[in-house]
Amino acid sequence: MSEYDNKLLDQPLKYLKGVGENRARLFSRLGLFTLGDIIHYFPRDYEDRSVCKAISEAIDGESITVRVRFVSDISETRPRRNLSIQKAQVTDGTSFMNVTWFNQGYVKQSIDISREYVFYGTVKRVGSRVEINNPVFEELEHSGNLTGRIVPVYPLTRGITQNILRKILRNALDTVSDKLVDILPPGLRSQYHLAETAFSFEQIHFPTSMENMEMARRRLVFEELLLLQLGLSAIKGSSSGQRGIRFSSVDIDPLLKALPFKLTDAQVRVFDEIRADMESDRRMNRLIQGDVGSGKTILAVLAIYIAAVSGYQSAFMAPTEILAEQHYRSIAPLLEKFDIKVGLLTGGMRKKEKEAIKEDAEKGRLDVLVGTHAVLEDSTIFSKLGLVITDEQHRFGVRQRARLSQKGQNPDLLVMTATPIPRTLSLVLYGDLDVSIVDTLPPGRKPIKTYVVDDRMRDRVYKFIRKNIAEGRQAYIVCPLVEESDAMDVESATGLVERIKDDALKGLHVGLIHGKMKSADKDDIMRRFSKGELQVLVSTTVIEVGVNVPNASIMVIENAERFGLAQLHQLRGRVGRGVHQSYCILFNQSKSQVSRQRMEIMASSNDGFVIAEKDLELRGPGDVFGVRQHGLPEFRIANLYRDMDVLKDVQKAAKHIVSEGLMEKDESYRPLARRVELMVRKKLQELSMN
Ligand code: ADP
Ligand code: MG
């Protein structure tokens with residue numbers, strides 16, 4: 001029997017001692033419904049109340065535990081209506097301390113001043129005078145719950161206090177702990193030095209020492225990451241085992257001949273992998289990783305070509321309208337030479353236009369539909385969808401991926417990303433995909449020169465821009481990222497344009513583009529910049545991904561320290577796309593050591609993978625990838641940066657378990673296998689409901 005078969009863990013919370021209907025409702029807001037859920041509700045921190053301290057040694061502002069006797073009665077005053085104050089004096093033999101409670105009338109009744117107590121609270125000290133307000137207290141004889149130990153601190157929700165949660169967790173653990181079955185087999189536990197499950201749940205909530213807590217935590221992190229890894233590999237197994245379309249073996253020479261360049265070796269290798277997937281009757285589930293400018297788009301075009309010649313439609317998705325439009329403009333002329341019909345569908349289009357395009361897709365008059373998430377909408381119907389491609393995939397989570405691939409009859413799936421992801425993490429993010437890497441850039445690219453500057457260099461920077469523009473080049477200026485407010489982004493961009501137009505860059509053709517503009521206007525600005533009518537493009541980060549204007553050779557980024565390095569790398573990748581020497585100028589307004597280090601990394605490397613690794617080291621994955629946006633799973637306990645070592649162990653263990661088929665063959669792996677199976681089934685169900 002596995003932990004999960006254990007009906008006890010599925011029991012609704014309301015039946016637990018101390019919960020009831022009302023509190024159960026409060027917990028449901030935190031996503032906690034069952035006993036199993038609540039024991040997985042881990043503390044966010046701990047207060048060490050285990051060590052008693054002498055009052056005489058208490059430091060101002062410190063939280064301490066003290067053993068005291070009362071040297072006075074508890075007095076009560078009522079200075080105002082709605083305010084009562086209880087005061088007393090206590091001692092621990094080293095010094096005296098004044099205690100004050102506010103509005104805690106019950107202390108007078110519940111404290112027996114002839115007995116010894118343990119207090120925990122934050123002290124104030126002025127000279128030799130020590131005070132404590134609203135301490136937590138327990139009679140010494142019955143202490144050990146609230147004081148005298150390490151106490152968990154939970155994330156709270158309205159209506160539930162720390163003390164309530166602590167009691168409820170105590171009850172929950174008392175109810176389940178001797179019935180928990182360990183899903184990790186003993187062999188695995190001893191190999192990786194993992195604590196047992198009952199010990200781990202007890203110690204993570206009510207640690208008897210911080211060492212025990214760390215041991216418990218390591219085991220729980222291991223378990224969480226292992227389940228994820230095995231789950232992803234099961235999903236991968238089931239989807240790659242899925243039958244897909246067997247595309248014809250198409251001669252691609254005509255298309256290659258129409259290109260102005262020869263494919264790089266890396267492109268050829270990755271294309272061979274794509275082709276092998278497409279020609280097999282397995283369904284393709286492939287991730288193409290390749291640094292900015294490595295030439296991924298042409299790989300998509302080749303795949304689309306194969307699909308079209310085989311008689312299937314393709315959907316090609318991009319995360320922004322600008323990017324979708326740009327893809328449309330660059331691939332349509334090429335494909336239409338071969339009578340492959342390409343259409344564009346974005347959210348910003350007029351309703352009439354959208355409907356017409358959708359009808360074309362449904363009637364099979366289109367071979368390729370390029371677009372934003374509008375392509376995902378249920379109302380978009382394809383007559384014969386065979387291939388789905390998503391570009392700059394880091395904005396599309398597993399969920400969207402699954403939803404898209406449900407259109408048509410099991411279309412092949414190709415996802416492309418320029419966000420360089422360290423190998424270990426890519427297994428967590430994309431463990432359900434096969435991965436190909438385009439690891440070289442097309443020949444002849446001059447490495448971009450990157451300079452980190454501060455405001456004192458501003459005049460020289462503008463002069464430099466003018467000089468390059470006089471030579472026929474173009475420049476981007478990216479505005480500071482303003483915290484989480486589109487409106488403020490727009491304001492800062494607009495302000496910047498006003499300032500430079502009449503001043504530093506007077507006389508030049510300066511355009512502005514930001515996310516709040518109508519798509520027709522954005523489109524217009526982009527087109528004018530592409531054609532060279534605009535010489536300087538001031539922008540918020542909307543140009544981040546994929547924009548391709550080879551004549552642009554300067555990228556200036558304001559407040560570069562506010563961006564993630566992966567993002568800076570993306571932005572920098574907008575230049576260096578043509579034959580001209582390109583420059584990236586990073587304004588660093590921060591004096592902090594870490595900022596300086598990060599800017600140095602940018603200046604010293606043009607390799608997205610190196611940059612990502614270093615950024616990860618400096619800041620951790622949450623910041624690097626922006627958990628939500630990049631579809632990094634949310635963990636209950638694991639922290640990918642802090643737990644990188646555990647993750648490595650987990651990947652080793654998972655690989656062994658899968659390759660040896662232990663979950664099928666080895667009896668001791670049954671509980672684990674069953675848990676993975678349930679998890680995957682639940683996940684797939686969730687995905688199909690969305
Ligand atoms: P990304 O991988 O960032 O999406 P793109 O597909 O936009 O890169 O390609 C960047 C530029 O490189 C485009 O202008 C494209 O035409 C060009 N390019 C792609 N492959 C090659 C190649 N093999 N040789 C020369 N230029 C290439
Ligand atoms: Mg691209």
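Start at 1 and go down the list; that is how both ligands and their atoms are numbered.
- Looking at Arg445 against ligand 1, only its side chain comes within 4.0 Å, counting heavy atoms.
- Close approach of ligand 1 to Lys262 is summarised as follows: ligand atoms under 4.0 Å from at least one heavy atom of the residue are 22 (C), 23 (N), 24 (N).
- Of all atoms in ligand 1, numbered sequentially from 1 with element shown, those under 4.0 Å from a heavy atom of Leu263 are 23 (N).
- Within the 4.0 Å heavy-atom cutoff, Gly290 does not count among the residues contacting ligand 1.
- Tyr476 and Phe529 have tilted rings, their planes meeting at an angle from 30° to 60° on a 0 to 90° scale.
- Close approach of ligand 1 to Thr297 (heavy-atom distance below 4.0 Å) involves ligand atoms 4 (O), 5 (P), 6 (O), 7 (O).
- Distances from atom 9 (O) of ligand 1 to the heavy atoms of Gly576, Ser330, Gly295 show the closest one on Gly295.
- For the residues Leu323, Val549, Asn548, the heavy atom positioned nearest atom 14 (O) of ligand 1 is part of Asn548.
- The side-chain heavy atoms of Gln589 and Asp454, taken from C-beta on, include no pair separated by under 4.5 Å.
- Checking only distances, Ile298 never comes within under 3.5 Å of ligand 1, N or O to N or O.
- For the 3.5 Å distance criterion, the side chains of Tyr462 and Arg458 qualify, holding a donor opposite an acceptor.
- Applying the 4.0 Å criterion to heavy atoms of Arg577 picks out, from ligand 1, the atoms 3 (O), 7 (O), 10 (C).
- For Met416, no heavy-atom contact with ligand 1 is shorter than 4.0 Å.
- Heavy-atom proximity to Thr264, at under 4.0 Å, picks out these atoms of ligand 1: 23 (N).
- A cation-pi contact links Lys384 to Tyr312, judged by a cut-off of 6.0 Å to the six-membered ring centre and 45° from its axis.
- Put simply, the residue from Glu273, Lys296, Arg269 that forms a side chain to side chain donor-acceptor pair (under 3.5 Å) with Ser436 is Glu273.
- Here the OG1-CD1 distance, from Thr380 to Ile357, works out to 11.0 Å after rounding to the nearest 0.5 Å.
- Glu279 and Arg275 are joined by a salt bridge, as a carboxylate oxygen and a charged side-chain nitrogen come within less than 4.0 angstrom of each other.
- Salt bridge status for Arg365 with Asp367: absent, with no side-chain N to carboxylate O gap under 4.0 Å.
- Where the criterion is an N or O separation shorter than 3.5 Å, residue side chain and backbone included, Gly293 meets it with respect to ligand 1.
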